Amino acid sequence: MRESLRRLEPRTYGDLARTVRLAGELHRGAFRLILDEYESRAGLRSGEFFTPKGVVRLAAELALDVGEGGKSVYDGYARGGEMLAAAAEYVGAQTPGFSVRGEAPGRDTLRFAGMHLALHGVLPRLRSTVDSPWRARTGSEPFADVVMMNPPFNMTDSAGSGRRDGVWEFGAPPRGNDNFAWLQHGMAYLRDEGRAVVVMPVKAGNSVNAAEREIRRNMIERGAVECVIALPPNLFSATPVPVALWFLRRTEQPSPEVLLVDARHLGTRQGNRNVLEANDRQVIMDAVRPWLFRQVRPTAGSSLEPYAALIPRGAFAAADYSLSPIDHIATRRLEEGGSLDAVTAAYQESVHLREVVDTVDEAAAALSWDWGVSQTALHGRLPSAWVETTLAELCEIQPGPSYTRLGRNERSGEGLVPIVLPRQLEGGRIVALDGERVSWETAEKLKKFCLQPRDIVCVRSGAIRAPAMATAEQEGWLLSPNVVRLRLYEHSVAVDPEYLLDYLASPRCMEWMSNRSAATAAPSLSRDALGHLPVRLPPLEQQQRAVQMINTLRDQVLAHREYAESLSRARVELAKFLMDGPVDAS
């Protein structure tokens, strides 16, 4: 970024004035985009990457309460100021009594933190701690109502002397790993009734190291731990390490139980990362906030109910003081399945699917394979009644809108009109996925890119997948920039849309599209290239017969697959029932 700025050479005063004006018009949220781009280009080491937006928002929403007035918030490893900025945005930077303080060992990222917070209207107190990044200090009064921190994972910045010199409330951490040093560092600055939320690697919850196990035991028994949430994998761009949010409390009246939440199944896939969208965060908040702020049980009937557990503090000894939600909740869900009712239900499902299999097998056996044409007699020529044309002569080919018209800013999980992405094309149909939607207003502006029933959707850019057909359920859905729509002309030669769909999904056409797509620098199919795809059409009656046969065999494949899967489920339920001990051996 620094080198790019040095190379800027405005030719006139007007160029410079325009650049300053445009920078001034950027929304403060743009700084987060700059941080993300800086992270990807600078190749920051594992201890310096920035915390994903969804994680910091969730931390702020759970650690802070807007109605409680001003709070003093501290981040002991401030990175780019994401945690403190999220706190300012959630509570309101101008709230009376609100203040933020941050420390970080790196001066470069500390500058980013200062700019980030300034854009939120916050005057922070930031300082570099390169000499003693996490050492618990004596003689300093706790000043933080809330600690929000994402320290480096599974690393150490010391040679071990801090283990002897530091004051460790819950036990000296092991040499070579500062995970529990950072936890205690945050706790050291909490005032009475203060709360800390710390991003930790999942392995910290059940590590076998004796020193870490002893620290967990002390934190549990003294009431310091109130909640641990295992988050979805692949949230960070710079590390694959799975993480959890640890909620700690300094209180004289701790809850007799610890709330553990397994939220690994949440998140929206975007590229090679998972993203915590607003709906994912809301699911977690509905289950956790009542517990954190009103000390009541998590909301019964919420979608997280099977993935949350209140564990009595005395019960942790039997689990080797593990604070990993996976150890407690996943095991409990497995144990709950061993019942005769579950075995019976699974087997009855397989019996029903066997009847479906018999029906589709009979339909497939009744198919006639006599086409009345000898393939060898044609010597490679088409039958006389067939027509050879191109896709452009049959269809209107409409690529999706450009990224300038339908970029990331127009999409969210809160819109009303779904967007069709390449990954939604499965088995010849368009499957519904959460996350990618636009507002009615945006859809109206882009209505030329909307779907009608029997439109065919193909991949335009990226890995080629078999095309899919829109049904009445997808009417009005919007094309994404990565797909293209095929809509048959009314005046074209007689063609059955289902036949064209199966024809385009044939190995020959898929290879044709893959070859044309790979010919470009970035895999992509242009409108013109796709329009040249050759199409061979038999008479309409033969098209319809072909579609019937292909669909019959497709139904047969799906029925057999579902039947096999149901038998597998019945087998698993039977194994649980027989091996978990409910059967009387006598």
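The shown structure was predicted, so the numbers you read here are calculated from the model rather than taken from an experiment. FYI, the numbering just counts along the sequence from 1.
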Where is the tightest heavy-atom contact between [X] and [Y], given as atom of each residue plus distance?
X	Y	value
D455	R487	OD2-NH2, 2.8 Å
L504	P467	CB-CG, 3.7 Å
S480	L406	CA-CD2, 4.3 Å
A86	A60	O-CB, 3.9 Å
C450	L478	SG-CD1, 3.8 Å
M83	V199	CE-CG2, 3.8 Å

message = For T51 and E82: C-alpha separation, side-chain torsions, deciding distance, then whether side-chain hydrogen bond (donor to acceptor under 3.5 Å, both in side chains) applies.
response = CA-CA 7 Å; T51 315; E82 316 93 85; 3.0 Å; yes
Once you round to the nearest 0.5 Å, how far does [atom1] of [X] lie from [atom2] of [Y]?
X	Y	atom1	atom2	answer
E541	D496	CD	CG	12.5 Å
R536	R508	CZ	CZ	5.0 Å
E396	E490	CD	CD	11.0 Å
I284	L245	CD1	CG	8.0 Å
F449	Q398	CZ	CD	5.0 Å
L525	W512	CG	CH2	7.0 Å

request  = Any salt bridge (Lys or Arg N to Asp or Glu O under 4.0 Å) involving residues 498-507? Give me the pairs, sequence neighbours left out, ordered by first then second residue.
outcome  =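 As it turns out, the salt bridge (Lys or Arg N to Asp or Glu O under 4.0 Å) pairs with a partner in residues 498-507, which skip direct neighbours, are R429-E498, D502-R554.
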Under a 4.5 Å cut-off applied to non-hydrogen side-chain atoms, are [X] and [Y] in contact?
X	Y	value
Y499	L537	yes
R264	I326	yes
I430	L425	yes
L391	L500	yes
P233	N274	yes
L558	R561	yes
L58	L231	yes
V243	N150	no

Spell out, as yes or no, whether a donor-acceptor pair under 3.5 Å connects the side chain of [X] to the backbone of [Y].
X	Y	value
R485	L479	no
R527	I397	yes
E475	Q452	no
E562	A559	no
R57	A278	no
R281	L276	yes
Q542	P539	no
Y489	L394	no

List the atom pairs, donor and acceptor, that lie under 3.5 Å between side-chain atoms in residues 350-362 and the rest of the protein, sequence neighbours left out.
{"residue": "S350", "atom": "OG", "partner": "Y347", "partner atom": "O", "Å": "2.6"}
{"residue": "R354", "atom": "NE", "partner": "D358", "partner atom": "OD1", "Å": "3.2"}
{"residue": "R354", "atom": "NH2", "partner": "D358", "partner atom": "OD1", "Å": "2.9"}
{"residue": "T359", "atom": "OG1", "partner": "E355", "partner atom": "O", "Å": "3.1"}
{"residue": "D361", "atom": "OD1", "partner": "Q556", "partner atom": "NE2", "Å": "2.7"}
{"residue": "D361", "atom": "OD1", "partner": "H560", "partner atom": "NE2", "Å": "2.9"}
{"residue": "D361", "atom": "OD2", "partner": "H560", "partner atom": "NE2", "Å": "3.4"}

key: Within 6.0 angstrom of Q544 CD, more than 12 heavy atoms from elsewhere   =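 For Q544, atom CD is crowded (more than 12 foreign heavy atoms under 6.0 Å).
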Residue list, side chain to side chain donor-acceptor pair (under 3.5 Å) with [X], at least two apart or on another chain:
X	value
R454	none
T442	S439
S461	N482

key: Flag for E565-S568: side-chain donor and acceptor within less than 3.5 Å   =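 The answer is no; no qualifying pair exists.
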inquiry  = Apply side-chain contact (heavy atoms from CB on, under 4.5 Å) to residues L62 and M285 and explain how you reach the verdict.
reply    = CA-CA 7 Å; L62 290 176; M285 287 179 61; 3.9 Å; yes
Salt bridge (charged side-chain N to carboxylate O under 4.0 Å, His left out) partners of K447, counting only residues at least two apart =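 Only E444 meet the salt bridge (charged side-chain N to carboxylate O under 4.0 Å, His left out) criterion with K447.
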